[in-house]
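Remarks on the structure that follows.
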Amino acid sequence: MTAGLTGVSVSAMPLAARMPGLRPSEIRKALMTWGRPGLISLAAGIPAADSFPADRLREAFNQVLRDEPTLFLQYGRTEGYQPLREYLADRVRRVGLDCAPDQVLITNGAQQGLDLASRLLLNEGDHVAVESPTYAGALETFRQYQAGFTVIPADDQGLRPDVLEGELRRDRAPGGPGRIKLLYVMPNFANPSGLTMSLERRRAVAEVAARFQLPVLEDDAYGELRYQGTQLPSLAALHPDAVVIYLGSLSKVLSPGLRVGWMVTPAALVEPLQSLKERSDLHSATGVQMAIMQVVADGFLDGHVRQLVGLYRARRDAMLDEIAGCFPRAVRSIRPDGGFYVWCTLPPAVDASALLGAAAERHVVFVPGRDFHPAGGANSMRLTFSGLAPELLREGVRRLAPVLRQALSADTQEGT
Ligand SMILES: Cc1ncc(COP(=O)(O)O)c(C=O)c1O
């Protein structure tokens, strides 16, 4: 006789208190639409499949497994493969980070960095200061630790340091709640807004955070993919007293499937973060890190990133050009300096998730904006240009345009 698990009813189980809030993310749903025949997905924020250096990686995996099978296959070090930590410590100098390799912790993608930092810093009921919209995967992680949110508005220069300061003053005043424990920011080409924080803003935000001793979680998952303008320094480089945990990732510039990201942390946080990672997964796959090191050791990544920048810039431009040509004027979109996304705002009464059905009838899909906001934000949507060739992006935008026109004309009629 065999016993199956299919009959188990989860609803009858006493799950952890934090579980009821967990629901499938829009991002996961978006990823599942990828590759459906005939469907143009402007939803999935994934790298261009034909950009992966598969041949190089195959050779690298073969070589490291042949040359150092025990190191490749044995349990490894929680903090990561030392040569890769050294390489990354050197690479982050480009964003002004002067750190020792020991301050680099290799993670399973930047996503694990979000999780480890949350576990390190957040208690139930604490607040994370965030922009709205912000990365839905970060909001979900913070929520998992039962955190709430204090929204700090942003303008075209980025997050407003004056508002951050006001919130912190109220929060830390005698008798105040004292619950803002972390600031989460994406200074470069944020997911989903595409916004980049100006140098002045970075300085001002780092100064406020340092003055209030508020730890900053700086997510730079897209930092290397800049299509115009010059690279700006990390917040960590702009104030000596700011406590910044910096997150990097190879997902967008090499491969997300390899699951390699990293944290750069103040020296005092290395040990506690390492202990948290050990409890979670012991360590990231050593063989993957060895193969990556083999690929990047000769400077390959710089040329590869240059190619990606050319590829994605053309895709961004195609999408923006088509949007300008055929979306209704009342739909506002942001031109990103880099990254993967174009963020669109619809008139306040239009709920973007209600348009998914009409969009699906025209074989196009996008991510409605609600999940990127701690609250509200239904009148927004995220379009992604990274994964498709320019002509498909243009076609996707053209398919979406009548859906928007119809929703907007219904909105106007209701309003009259
Ligand atoms: C802003 C941001 N941070 C982190 C991640 C997670 O990336 P990784 O694949 O490195 O875990 C993503 C993925 O899309 C992202 O957009």
Side-chain angles (χ1 to χ4, degrees), residues 25-34 41-49 51-52 80 84 88 91-92 104-118 128 130-144 154 158-159 182-197 216-226 234-235 245-264 277 280-281 284-285 288-289 292 301 305 308 312 336-343 367 369 371-373 382-387:
S25 75
E26 286 297 339
I27 300 177
R28 207 158 356 124
K29 283 192 242 159
L31 275 173
M32 279 155 52
T33 63
W34 189 256
S41 177
L42 306 178
I46 57 176
S51 73
F52 298 139
L84 186 60
L88 293 170
R91 197 162 181 90
V92 294
V104 178
L105 178 65
I106 305 290
T107 55
N108 282 315
Q111 193 67 33
Q112 190 182 36
L114 290 168
D115 186 61
L116 296 177
S118 303
V128 183
V130 293
E131 287 167 58
S132 182
T134 190
Y135 174 46
L139 290 178
E140 292 300 333
T141 301
F142 301 142
R143 281 196 185 107
Q144 195 186 327
L159 186 121
L182 179 65
L183 169 66
Y184 172 66
V185 282
M186 283 170 283
N188 293 313
F189 337 124
N191 176 8
S193 71
L195 287 174
T196 296
M197 219 191 268
V216 181
L217 185 55
E218 176 176 4
D219 184 342
D220 200 19
Y222 299 87
E224 298 221 20
L225 296 176
R226 178 179 271 282
S234 152
L235 267 68
I245 299 177
Y246 174 93
L247 303 181
S249 175
L250 291 175
S251 287
K252 317 297 176 187
V253 292
L254 198 63
S255 148
L258 296 176
R259 305 305 306 132
V260 173
W262 67 95
M263 309 175 90
V264 179
K277 179 167 165 70
S280 167
D281 63 1
S284 299
V288 170
Q289 298 173 63
I292 287 174
L301 201 51
V305 168
L308 292 179
Y312 291 136
D337 286 352
F340 282 2
Y341 309 105
V342 174
W343 180 245
V367 185
D371 278 11
F372 298 100
H373 297 270
R382 190 192 76 177
L383 306 181
T384 309
F385 53 80
S386 53

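As the structure lists them, so they are numbered: ligands from 1, and atoms in each ligand from 1.
Partners of Glu131 according to the side chain to side chain contact (heavy atoms under 4.5 Å, CB included) rule, which considers only residues two or more places apart in sequence or in another chain, are Ala154, Leu159, Val185. Taking the ring pair (Phe, Tyr, Trp, His ring centres under 6.0 Å) definition, one finds that Tyr222 meets it with Phe340, Tyr341, sequence neighbours left out. Residues that satisfy the side-chain hydrogen bond (donor to acceptor under 3.5 Å, both in side chains) test with Glu224, not counting sequence neighbours, are Arg91.
No side-chain N or O of Glu140 forms a donor-acceptor pair with one of Tyr135 less than 3.5 Å apart. For Ser284 and Lys277, the side-chain atoms include at least one donor-acceptor pair closer than 3.5 Å.
Protein residues with any heavy atom under 4.0 Å from ligand 1: Gly109, Ala110, Gln111, Tyr135, Met186, Asn191, Asp219, Ala221, Tyr222, Ser249, Ser251, Lys252, Arg259.
You'll find the ring centres of Tyr312 and Phe385 outside the 6.0 Å limit.
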